[in-house]
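Since the structure comes first, as structure tokens, the remarks are kept for the end.
Throughout, protein chains are lettered first and strands after them, A, B, ... in sequence-line order, and every chain is numbered starting at 1. Keep in mind that the numbers below use all heavy atoms, side chains included, and drop hydrogens, waters and symmetry copies. Model, not experiment: these values are computed from the prediction.
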6 protein chains.
Amino acid sequence: MRIVFDIGGSVLVPDKPDIDFIKKIAYQLVKISEDHEVAVVVGGGKVSRDYIQAAKTFTPNETFKDYIGIHITRANAMLLIAALGEKAYPFVVQDFRKAWEVIQLKKIPIMGGTHPGHTTDAVAALLAEYLQADLLVVITNVDGVYDSDPRENPNAKKLRRITTAQLVEIAMQGESKAGGSSVVDALAAKFIQRGKIRTYVVGKNDTINLFDVIRGKHNGTIVEPED
Amino acid sequence: MRIVFDIGGSVLVPDKPDIDFIKKIAYQLVKISEDHEVAVVVGGGKVSRDYIQAAKTFTPNETFKDYIGIHITRANAMLLIAALGEKAYPFVVQDFRKAWEVIQLKKIPIMGGTHPGHTTDAVAALLAEYLQADLLVVITNVDGVYDSDPRENPNAKKLRRITTAQLVEIAMQGESKAGGSSVVDALAAKFIQRGKIRTYVVGKNDTINLFDVIRGKHNGTIVEPED
Amino acid sequence: MRIVFDIGGSVLVPDKPDIDFIKKIAYQLVKISEDHEVAVVVGGGKVSRDYIQAAKTFTPNETFKDYIGIHITRANAMLLIAALGEKAYPFVVQDFRKAWEVIQLKKIPIMGGTHPGHTTDAVAALLAEYLQADLLVVITNVDGVYDSDPRENPNAKKLRRITTAQLVEIAMQGESKAGGSSVVDALAAKFIQRGKIRTYVVGKNDTINLFDVIRGKHNGTIVEPED
Amino acid sequence: MRIVFDIGGSVLVPDKPDIDFIKKIAYQLVKISEDHEVAVVVGGGKVSRDYIQAAKTFTPNETFKDYIGIHITRANAMLLIAALGEKAYPFVVQDFRKAWEVIQLKKIPIMGGTHPGHTTDAVAALLAEYLQADLLVVITNVDGVYDSDPRENPNAKKLRRITTAQLVEIAMQGESKAGGSSVVDALAAKFIQRGKIRTYVVGKNDTINLFDVIRGKHNGTIVEPED
Amino acid sequence: MRIVFDIGGSVLVPDKPDIDFIKKIAYQLVKISEDHEVAVVVGGGKVSRDYIQAAKTFTPNETFKDYIGIHITRANAMLLIAALGEKAYPFVVQDFRKAWEVIQLKKIPIMGGTHPGHTTDAVAALLAEYLQADLLVVITNVDGVYDSDPRENPNAKKLRRITTAQLVEIAMQGESKAGGSSVVDALAAKFIQRGKIRTYVVGKNDTINLFDVIRGKHNGTIVEPED
Amino acid sequence: MRIVFDIGGSVLVPDKPDIDFIKKIAYQLVKISEDHEVAVVVGGGKVSRDYIQAAKTFTPNETFKDYIGIHITRANAMLLIAALGEKAYPFVVQDFRKAWEVIQLKKIPIMGGTHPGHTTDAVAALLAEYLQADLLVVITNVDGVYDSDPRENPNAKKLRRITTAQLVEIAMQGESKAGGSSVVDALAAKFIQRGKIRTYVVGKNDTINLFDVIRGKHNGTIVEPED
């Protein structure tokens, strides 16, 4: 199976790098890569937000802030590379085609952000599409896709199984003012739909056993492509 | 004034490169660049569609097709570079920061596409935002923004003055099934809104006098940022 | 056997990309690459001519036109990459050493043009020399090497077996005013001679069975290195 | 005057980016650059230490940790770029020759680390030498060069005026077990000596008035090249 | 006037770098660049031949030897950069378009070889064409173009004024077995002809006064484009 | 075993390239690479000194001279690549991470210098550390580490077995005025110490049998990491 993991920044670097989590997930990724082809995209987290926050006081230029954010996601990618050891490709991959090449070398490509105006979720979705991956696993602070934002609505209900079309709809609602939990942004959701990519959205707790996760045994949400 | 021109592919390469149009627009861009800072993004056109069409029969990989499309937009950019002569930066610019640098050199940066999953309209909007441009001029086959798709609805009405919020709304409608003319796609529209960029959407006919266009005298649509 | 294929632009993109031809040749190249080491160089074709034609009206600069031509050959290379699927290296290769590396990865490197002042035939000959290839197969619109230009002289005779020295002589005649069919240009011919490369020049019809072609069973011309 | 500023990481990012400090120093650098040629090298700080600390638990590989540290210094450089606005070159400069080029463009080049096994102090010293700078200003947490480590020895005495040879000696002592305050490391000190670079070592407090600092009016240490 | 200088390797590095010559020519180039736009291409010389000679005993691969030769020409280019000081662009330029850009920066671009299968004379001719230079000055060990090889034929006569067509003819003879002095190779000569470039071929002695040379006052050969 | 070879420039290019030596060492490196992972760093030698000497008369800029030296070491690396044939990675490697990647491809990475202010000995030590090599073999003109400079002191005694701490001490003495033979410079010695790298320092004579050398059977010095 070819699997893309999309590890949220706040999972990886909640305040500073979560050494324990990185170690554990790296260990499991190495194991999984023995039987599967694995690629990883990582996000920005707290440090990224600090730097963007600082930049915001210097310049209104959103695109430049994106460049800074991308740079920090790549620092996070380097941490994961360090933790994966000989199994990781030692450079942060910046092009989807290179990721494909790295997989041919039997190594794990690690990417961060790639371009202004894109989240790392969108990068992960595009990568999954480019690689024609069998599965995209989104590891996030929220533990699944909800029918409304669980941080605001105590009655929000986690959805266990939705279609990619529903994911797009929820993501687009999330970007309008009213409710909907935007685990992944609308652009990422559209790439998932366009690429017909089976996607699991899971929380940090579920990562204790990634083997179960990739078999669909987890407490998150299963997003299935339409026919 | 700092101006970004976004020249649609089908305007530039309707069937094959429209030599006459390129010559005329190049002449005017050089003139305008004597008093203003100018940057240009060009799209793909017919050749791009031919190549993507061919690729479609070889692979389902949308992202790879995007790479091919990007490559053709850069060929178009090279044509415009040839036509602009000594005033153009001789390489196709691929990074917004480089575009800024080229402007400091008193040359015109020409870009094509930059990244899979983005149209060149989105590139132009991001560039305008990055450069904190005073104006974005979108030159397209349709001669403005309509309240519904003029190619399908004979009663579609051209809108002369809208807000960036309205542009986003129309663009998002355009991407759902029902009507709305998607002159620019939703992502581009959102970048225009986020960047608070004054935008003119004009047809090929209006390009006879670009000096008038940049002064707001044209038959297209004026998109104004909200306060 | 290590084989370089040199596929003429007008064979690949007669008017627009010849989807059928590309599919068939890609299929065969993949098959051949199971037993042989394969590298490919592709030319420009109609689109390249259109773009260069346009550039010609903008600038007298021949070298810049070469850059545009090179860019289009690389678009053609991307099409072939799409058609070859997992067997192709996903980037257009731009350096002969990289082509060698790709072969070590058990993938097919695809090149277009590389430098102003060179045809893609010269690129193919240099690549064959660099790779110390056993065979160079030139696939062209003319179906072999003739003693004079078959498009002008109805009595032109196809040569079935010549030496590399003869090829150089014919190519040099072709570049002087008088007769001689310049299937490959003089520079390419000299590289073939310098590299002592066995070369088959065949027409599009012969590509129905590339397996036969590489075994020397074809209707084209066999060019043999001198001792 | 051509001046290289070497801004210590802990000055720039004590815990998170020191927005206030960055704003103030950027303001002054822009002003100074109106009369002088200015280049800047920035260090890593707290975030860098956090990431290296994390990497240390994953791998014994010192060189890889250096790569991570370099990456974070470049994030810091991007912050300074954001704060300098139109006066800064928008890319983090990675080669001394490029820094020279940027100065010719009347912009300020900003560098971070460049290569494993080097501190950013060494980078700043090499840059000063390459640029044949008139002055190197080291802005650090300690407010000058001391005769022994002020953090350990309460009687340590700040040196107001030393030679580059003395700086090397102190730095080398600092790297042996016993005393000596290593404001700059031995390698950096040697580059300062080799390049005969006048150097001021000042604390954060002195940066309130950089104009005074570059005129030699500060509370730090003046390091003078030997004849 | 825009002038390309093509400095032969054996002029620059007869045995080892000719320090005196480099100093003198650098001094003059700086002076000339005050009134003219200047670009330079340098060749390989003795060191290049030594390295290629060594490579020849290791591998039959001509193309790889070309890469080594190119590398040495770039070392020579770096020497000239050192000698030109602040007037030279500090990197060896590798693309004709970059050379153009450097000229816009009021600096002198220095190139060495660019691609296997090309001499640096061909590079200089292509550069002159790309830049639409007014003049190409070839500085060589032979002091002009002769009607036969002066090293073999004591009666060889120096030609004072020829056309580019004649240059091509002589160069092509030079590449066949019999006579003709190949000051520039056939490929370079063809680029000179194609680009309609006025060319002066002069010996090392003439470089005592480059100002005279560029005014056409020298003892070498004047090559004039046909109408 | 993973082994880094550090071949001194004067061993490789005493006056001009030592063809015989290069051939013999290449032959052995290929053989050794059948059972071991091999990486090589080469130095500058006579040609490098000639070029730096020339540059010295043009500019006081030490850093620029370093760039020239680095360039020549890479020319030397290309020679070794030619001699190693299909076993060598065809490009000169410039980044330690790339060297690691090349080893995964079962090829030998060849590096020269990497950055101003570093010797190639320091590069080799860093590479050995990055690769976590089991052994670093320094091949030099002096045939081991001496207690004082054998070229000045006829009673200098070769040391057969020292610790990395002792190596650092000797190297640091060597860089002060007084005695001590600086086979490797202090920076390189420190990287060897930091990386706890077992190191053999051997003379050219010992290279007749590299198989013995890597087994510790040689006439040079064995440098052992402390516990």
Worksheet item: Under 3.5 Å, is there a donor-acceptor pair linking the side chains of F/Y130 and D/D66?
Response: no
Discussion item. Working note: F/F64 + D/F96, criterion side chain to side chain contact (heavy atoms under 4.5 Å, CB included); need CA distance, chi angles, decisive distance, verdict.
Written reply: CA-CA 9 Å; F/F64 192 80; D/F96 303 124; over 6 Å; no
Fill in: Contact check, side chains of D/N61 and F/W100, non-hydrogen atoms, under 4.5 Å
no
Worksheet item: Do D/T63 and F/R97 have side chains that get closer than 4.5 Å, going by heavy atoms?
Response: no
Discussion item. With a 4.5 angstrom heavy-atom cut-off, is it the side chain or the backbone of F/Q132 that approaches chain D, or both, or neither?
Written reply: side chain
Item to complete: Would you give the length of the straight line joining atom CZ of D/R194 to atom CD of F/E62, rounded to the nearest 0.5 angstrom?
Response: 5.0 Å
Practice prompt. Select one option (side chain, backbone, both, neither) describing which atoms of F/L126 are under 4.5 Å from chain D's heavy atoms.
Written response: both
Response to the item:
Given D/P116, D/A186, D/A122, the one with more heavy-atom pairs under 4.5 angstrom with chain F than any other is D/P116
Worksheet item: Side chain, backbone, both or neither: which part of F/K196 has a heavy atom under 4.5 Å from chain D?
Response: neither
